[in-house]
There are 2 protein chains.
Amino acid sequence: MADLNNLLSPFFLNDKEVKKVIELIFFSYRDFTSGPDKILEKLNFGRAHHRVIYFVGKKNHITIKELLVVLQITKQSLSRVLNQLVKEKFIIVSTGVDKRTKKLSLTEKGKKLESELSSIQIKKIRGVINKFSEDNINGFKKMLYEMIEDNNKKTFQEIND
Amino acid sequence: MADLNNLLSPFFLNDKEVKKVIELIFFSYRDFTSGPDKILEKLNFGRAHHRVIYFVGKKNHITIKELLVVLQITKQSLSRVLNQLVKEKFIIVSTGVDKRTKKLSLTEKGKKLESELSSIQIKKIRGVINKFSEDNINGFKKMLYEMIEDNNKKTFQEIND
DNA sequence: TATTTAGGTCAGCCATATTGACTTAATTAT
DNA sequence: ATAATTAAGTCAATATGGCTGACCTAAATA
């Protein structure tokens, strides 16, 4: 019902073919993160710092709790990473209207790093986009979205509304 | 030249749209690995064990060196993980024709675990495949492949020849 | 006023990775 | 035959990024 393509010619991949997809995901993800990793290394930061920088950049004035929902780590884990970023002035903290909360923002230094890290990944994705059609890109996005668990689909929507 | 679609209607995504793709990759990969992670946890294993189990299952009689090329970690890192898997009888080791090398194989216990872990990810991918067309799937695979660095593309080909 | 919420902190633990230095045994090249 | 290279292993130290559990403060809400 949903898709004529499937009704007319149901598409099947055997286990071996599906496993190739597993490997493509593994290899592509590793290379997707390796670029930023190299820059982060020079700053003695890791991927966790990248994620915090990224999502604070994405949503200015994000609170600790919101960040925890997105990252799905414990506050103890976030704490160490975030404190380093604040101490080294990539992120500044202010108090929310609800005075229990804290609002996080990137400093100019933080914005610069975020931009440097993101531009590597943006470049990589654009490189891919340029080789494919609009249909392919839209399919790619939809398929990635379908791989996300329902509760996290909600989170993805929330950070993009 | 390469693609009429792009010549006729060059497809452009602005930075904000490309960043959505970055997030889709982040969220989907996390959920792609979370299923196996839960099973591994019960065995006091981690994702590193999964990768070793996976690639030994993929290529029976793989050597340590071949495994290191695929995994791109140091032999010290591999050593700990592999020794645990051998000690707990998920993997058996034999000597190659070149007596310097070792050949790794899954035991029945190892095959069972590999199958249990892979079936989760296979199921997830099939779930996605069933919602899309053959064109979409082929596009998906090609786009993932294009995200891999050239030297690793070679590795991907080699493990699939 | 009592409870919940947002955030922080201390301590200890585990997994995964790294670098560097060094060893052994087997193969290959000179 | 000897030298060089290769495959594998090991010891030690270090870093990152997660976790649990226990406990605390201050502010908001019921």
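Per chain, numbering begins at 1; letters A, B, ... match sequence-line order. Note that the structure is predicted; figures quoted are calculated from it, not measured.
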Rounded distance in Å - [atom1] ([X]) to [atom2] ([N]):
X        : N      : atom1 : atom2 : result
B:Asp37  : C:dC14 : CG    : P     : 19 Å
B:Leu67  : D:dG9  : CG    : P     : 11 Å
B:Arg80  : D:dT10 : CZ    : C1'   : 14 Å
A:Ile73  : C:dC14 : CD1   : P     : 21 Å
B:Lys103 : D:dA7  : NZ    : P     : 16 Å
B:Leu82  : D:dA7  : CG    : C1'   : 14 Å
A:Ile53  : D:dG17 : CD1   : C1'   : 16 Å
B:His50  : C:dA15 : NE2   : C1'   : 16 Å

[X] [atom1]: over 12 foreign heavy atoms closer than 6.0 Å:
X       : atom1 : answer
B:Lys58 : NZ    : yes
B:Lys65 : NZ    : no
B:Glu41 : CD    : no

Among [options], which nucleotide sits nearest the side chain of [X]?
X       : options                : value
A:Asn83 : C:dT9, D:dT10, D:dC19  : C:dT9
B:Lys65 : D:dA8, D:dA22, C:dT16  : D:dA8
A:Thr74 : D:dG9, D:dC19, C:dA6   : D:dC19
A:Gln76 : D:dC19, D:dG18, C:dA17 : D:dC19

Describe, in one word, how the ring planes of B:Phe45 and B:Phe90 are oriented to each other, choosing from parallel (under 30°), tilted (30 to 60°) and perpendicular (over 60°).
-> perpendicular
Any carboxylate oxygen within less than 4.0 angstrom of a Lys/Arg side-chain nitrogen, looking at [X] and [Y]?
X        : Y        : value
A:Asp15  : B:Arg126 : yes
A:Lys20  : A:Glu17  : yes
A:Glu149 : B:Lys124 : yes

Which comes earlier along DNA chain D counting from the 5' end, the contact point of A:Gln72 or that of B:Leu68, where each point is its nearest nucleotide?
-> B:Leu68
On DNA chain D, more 5' by nearest nucleotide between A:Arg51 and B:Glu66 is B:Glu66
Exercise: identify the closest heavy-atom pair between B:Ile137 and B:Ile129 | CD1-CA, 3.6 Å
Looking at residues 154-161 of chain B, who's got a heavy atom less than 4.0 Å off DNA chain D?
-> none
Contact check, residues 40-49 of chain A vs DNA chain D, heavy-atom distance under 4.0 Å, returns A:Asn44, A:Gly46, A:Arg47, A:Ala48, A:His49
In residues 93-102 of chain B, what residues come within less than 4.0 Å of DNA chain C, judged by heavy atoms?
-> B:Val97, B:Asp98, B:Lys99, B:Arg100
Would you please say whether a donor-acceptor pair under 3.5 Å links the side chains of B:Glu23 and A:Asn160?
-> yes
Tell me yes or no: between the side chains of B:Asp37 and B:Ser34, is some donor less than 3.5 Å from an acceptor?
-> no
How long is the gap from CD on A:Glu114 to OG on A:Ser119, to the nearest 0.5 Å?
-> 9.0 Å
Is any side-chain N or O of B:Lys75 closer than 4.0 Å to OP1 or OP2 of D:dG9?
-> no
Given A:Tyr29, which of B:Phe26, B:Tyr29, B:Phe32 fulfils the ring pair (Phe, Tyr, Trp, His ring centres under 6.0 Å) condition?
-> B:Tyr29
